[in-house]
2 protein chains.
Amino acid sequence: MNVSRTARERVRAELIREITDIARRHLATEGASGLSLRAVARDMGMVSSAIYRYFPSRDDLLTALIIDGYNALGEAVEDADAACPREDVTGRWLAVCRAVREWALAHPHEYALLYGSPVPGYRAPLDTVAPAIRDTAVYGRIVADAHREGRLSPPAFCPPPPAVLAGDAEVVRTLMPDVPDDVVTRAIAAWTCLFGMVSFELFGQFENTITHRAELFDHNMTCMAALLGLPV
Amino acid sequence: MNVSRTARERVRAELIREITDIARRHLATEGASGLSLRAVARDMGMVSSAIYRYFPSRDDLLTALIIDGYNALGEAVEDADAACPREDVTGRWLAVCRAVREWALAHPHEYALLYGSPVPGYRAPLDTVAPAIRDTAVYGRIVADAHREGRLSPPAFCPPPPAVLAGDAEVVRTLMPDVPDDVVTRAIAAWTCLFGMVSFELFGQFENTITHRAELFDHNMTCMAALLGLPV
DNA sequence: CTTCGTCAAGAGCGGTGCTCTCGGATTTTT
DNA sequence: AAAAATCCGAGAGCACCGCTCTTGACGAAG
């Protein structure tokens, strides 16, 4: 009965994969709010109600796409990091930045789903948090490596972080062990600046202003590396 | 005939104002995608088709809300800047940062409309660009003032921006006259970091991680001031 | 062979943006 | 003052949406 059950399960898993694939294609062309179960069903030659056998609601389909998106971005970031020599911490940081930007440019609607305005009424389930920090985990490893190997010399012009942030820094340190508080806050600043740049570019804030976006991005991320204390 | 014409025009203008007010209320409670012309019409005791006499499409209503939002944020930023002594450039920068964050926290859905994922299929008309840069214009004035009065001493650890960015810097300089290229790129970095922080906080990226958000925000914006070369 | 769970299909509910037409009111012109 | 042009609200209607419920077919399990 195990084999027969897996027979049914297999076709079911196959259909789920096909639904998410088509949904991702729709997402790429129409955006999150244009994702319609009926359209997906139409593309599959199914009747719309049949989709509900596999995804109980539109939000559940969205959750699947969000998890896939986080994993895709996380994998891109992991690959970019792995392609660098481990001791070249600045190169790894820049590679991660570029990987985020390039993945976002290649999948704008998926990026918007992950880092743009939250979908109203949608509450991200807990299954999303693990994939959501794959990229951040890579980043934390880079900072931790740089710190452990003594390659981190943060410039002294920043005031020390207030003591009240120590608790939050403790939480962040689970991703970048042993890193001191002031480096933690700068790491957050650099990370938010990275996503701020990508979001500005993708969401149209650079329209009619910035034309050489890759160059500006690289330069600003290099400045952020310097702010972090990485050798530039 | 002028007075009679304005009679009609006046009730028309009044209705337009009432529609946008109700729409803004709906936007605040349901978000952009929950904004429905029929619901607005229902709230006004009107029939849905009547709304189209005043806004030819949902996108036009959205445009009105976007323009209002940019103006509200711009005004908040202008007020915050004006409340500071003109020579306290660092204080003005911090006041602007806090004004952006506080306005965003008070009007999350409007902020999402302005700086979040673009509404698919929606193309912002040209009327939005002037209100859209009110806040940036204030920022530019602060940087320009600081530079003109010799209060800007950018730390030397950043590499100079590549020459290819000179053209873009020229465009940005319309908002911050006479500022050198390297300060322009840092100014962009600080500005994107500001909105990156606000977006991260508002869009849920700090969930389960950062609890003292105002303190982290202030500290990071102070670091950005230092990066810019403002006295800290 | 019968029972039971799974599934596709269809009808239907209430909602959406948007269009069109039809009268009535108002304004403008003659 | 009468006639013409304009504006406007109401209603019906189209095609779409998410979602629910029922029905009937099919295959696996006892």
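Side-chain atoms are counted along with the backbone in the values below, which use heavy atoms only and exclude waters and symmetry mates.
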task = Describe, in one word, how the ring planes of B/Phe206 and B/Phe200 are oriented to each other, choosing from parallel (under 30°), tilted (30 to 60°) and perpendicular (over 60°).
result = perpendicular
request  = Return the value, rounded to whole Å, for the distance between atom CG of A/Asp43 and atom P of D/dC16.
outcome  = 14 Å
request  = Look at all strands and tell whether B/Ile51 reaches a base, only sugar-phosphate, or nothing, counting heavy atoms closer than 4.0 Å.
outcome  = nothing
task = Describe the nucleic acid contact of B/Tyr54 in one word from base, sugar-phosphate, nothing, applying a heavy-atom distance below 4.0 Å.
result = sugar-phosphate
inquiry  = Going by salt bridge (Lys or Arg N to Asp or Glu O under 4.0 Å), name the residues that satisfy it together with A/Glu201, two or more places apart in sequence or in a different chain.
reply    = A/Arg101
task = Rounded to the nearest angstrom, tell me the gap between atom CD1 in B/Ile16 and atom P in D/dC7.
result = 13 Å
ask   = Any side-chain donor paired with an acceptor under 3.5 Å for B/Ser199 and B/Tyr111?
value = yes
ask   = Can you check the B/Arg12 CZ to C/dT27 P distance for me, whole Å?
value = 14 Å
task = Round to the nearest Å and state the distance from A/Phe55 atom CZ to D/dC17 atom P.
result = 18 Å
inquiry  = Tell me every residue that passes salt bridge (Lys or Arg N to Asp or Glu O under 4.0 Å) with A/Arg58, counting only those two or more places apart in sequence or in another chain.
reply    = none
ask   = Which parts of nucleotides 12-24 of chain C does protein reach within less than 4.0 Å, heavy atoms only, written one letter per nucleotide 5' to 3' as B for base, S for sugar-phosphate only and - for none?
value = B---BBBBBB---
inquiry  = By the 4.0 Å heavy-atom rule, please label B/Leu15 as base, sugar-phosphate, or nothing.
reply    = sugar-phosphate
message = Less than 3.5 Å apart, any donor N or O on the side chain of B/Tyr122 or B/Thr63 sitting next to an acceptor on the other?
response = yes
task = Please work out which of the three classes, parallel, tilted or perpendicular, describes the rings of A/Tyr115 and A/Tyr70, given edges at 30° and 60°.
result = perpendicular
